[in-house]
Amino acid sequence: FKALLEAAPDAVVVHDLDNCVLFWNRAAEVLYGWSAEEILGRPISRILYLDRNEREEAMEALRTHGIWKRELRQIDRNGDEYLVQVRQHMQRDSSGQPIAIISFNTDVTEMRKLADAQERAHHVQSSSILAGGVAHELNNALAPIMLSSAMLKRSVEGEKAQNMVNMIEKCAT
């Protein structure tokens, strides 16, 4: 079982109900920057739960449903922050008593940045399409006015009428 967890592509962290680390795989070492030797037996709450309310929410869901998942902000050894998809499962002994929590953690920081960039690009593209459509519709409305004003200019007499046609042309351009 330990070999399977060690080979997992996700950071696998097992901790007891007092938050002391019981298991820390190689992917966790890479993500968080601490070796298993450095972290075993230490409290995990300062890394996995930057917000105490998230810890309480997770524990309540784990006690009730046995599973909890959410994206959390987490930090590594250098204090760098990551967005991590956390999936936790409550491990129970043969009598059903909770004994440990196993977390499968996936760094989704770059994926979120890419998704946000794609969303912004889509928004810009949508805005450009909308602006192009509005410009096209304005052109459709103004082109007949421009043509009509040119025709009116040749057919109207009097300074007042000519001034009105000139004003129509200026407003349409």
Side-chain angles (χ1 to χ4, degrees), residues 1-140:
F1 183 70
K2 185 177 177 183
L4 288 173
L5 294 178
E6 194 60 53
D10 293 331
V12 179
V13 178
V14 179
H15 59 89
D16 62 20
L17 301 180
D18 295 324
N19 282 329
C20 291
V21 176
L22 303 173
F23 178 80
W24 187 267
N25 76 345
R26 177 72 184 124
E29 290 180 354
V30 171
L31 178 59
Y32 298 110
W34 283 283
S35 70
E37 292 79 28
E38 293 173 304
I39 204 79
L40 289 177
R42 295 235 165 123
I44 195 64
S45 57
R46 287 186 213 129
I47 297 169
L48 294 184
Y49 306 100
L50 296 179
D51 181 347
R52 182 179 210 126
N53 292 332
E54 289 171 338
R55 167 76 178 136
E56 291 169 9
E57 176 189 322
M59 288 307 295
E60 181 63 31
L62 287 164
R63 283 188 202 100
T64 306
H65 306 291
I67 189 168
W68 182 79
K69 59 183 168 179
R70 185 164 169 200
E71 285 184 1
L72 296 178
R73 291 178 311 109
Q74 296 182 339
I75 57 171
D76 67 6
R77 181 180 198 145
N78 298 324
D80 295 329
E81 194 172 295
Y82 296 91
L83 187 59
V84 178
Q85 176 66 45
V86 176
R87 297 164 315 282
Q88 294 185 333
H89 301 272
M90 177 71 76
Q91 299 299 302
R92 299 180 183 276
D93 63 17
S94 57
S95 66
Q97 293 300 309
I99 55 170
I101 298 166
I102 184 167
S103 295
F104 296 91
N105 304 336
T106 307
D107 181 4
V108 295
T109 307
E110 292 305 315
M111 186 174 68
R112 285 288 170 251
K113 285 180 183 177
L114 180 60
D116 289 346
Q118 287 174 335
E119 186 176 325
R120 280 191 302 278
H122 177 71
H123 179 70
V124 167
Q125 182 182 18
S126 297
S127 297
S128 297
I129 290 169
L130 179 62
V134 168
H136 180 75
E137 291 302 318
L138 279 173
N139 189 46
N140 287 345

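Numbers here are sequence positions counted from 1.
Ser35 and Glu29 form no side-chain donor-acceptor contact under 3.5 Å, judged by distance and modelled atom types alone. Between the side chains of Asn19 and Arg55, at least one donor-acceptor pair of N or O atoms lies under 3.5 Å.
The main-chain N or O of Asp80 is never found under 3.5 Å from a side-chain atom of Asn78 such that the two would form a donor-acceptor pair. The main-chain N or O of Leu83 is found under 3.5 Å from a side-chain atom of Thr109 such that the two form a donor-acceptor pair. No donor-acceptor pair under 3.5 Å is formed between the side chain of Asp107 and the backbone N or O of Val84. Under the 3.5 Å distance criterion, the side-chain polar atoms of Trp68 are left unmatched by any main-chain donor or acceptor of Met90.
With values rounded to the nearest 0.5 angstrom, Ile99 atom CD1 is found 5.5 Å from Asp93 atom CG.
In this structure the side chain of Val108 never reaches within 4.5 angstrom of the side chain of Tyr82, judged on heavy atoms. No side-chain heavy atom of Val13 sits less than 4.5 Å from a side-chain heavy atom of Phe23. Annotation: side chain of Val21 is not in contact with side chain of Val14 (no heavy-atom distance under 4.5 Å). Side-chain contact check for Leu22 versus Leu40: every heavy-atom pair is 4.5 Å or farther apart.
Ring planes of His89 and Phe104: perpendicular class, angle over 60° (limits at 30 and 60°).
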### Message
What verdict does the salt bridge (Lys or Arg N to Asp or Glu O under 4.0 Å) test give for Glu54 and Arg73, after you've listed the backbone C-alpha separation in whole Å, the side-chain angles of each residue and the deciding distance to 0.1 Å?
### Response
CA-CA 10 Å; Glu54 289 171 338; Arg73 291 178 311 109; 6.0 Å; no
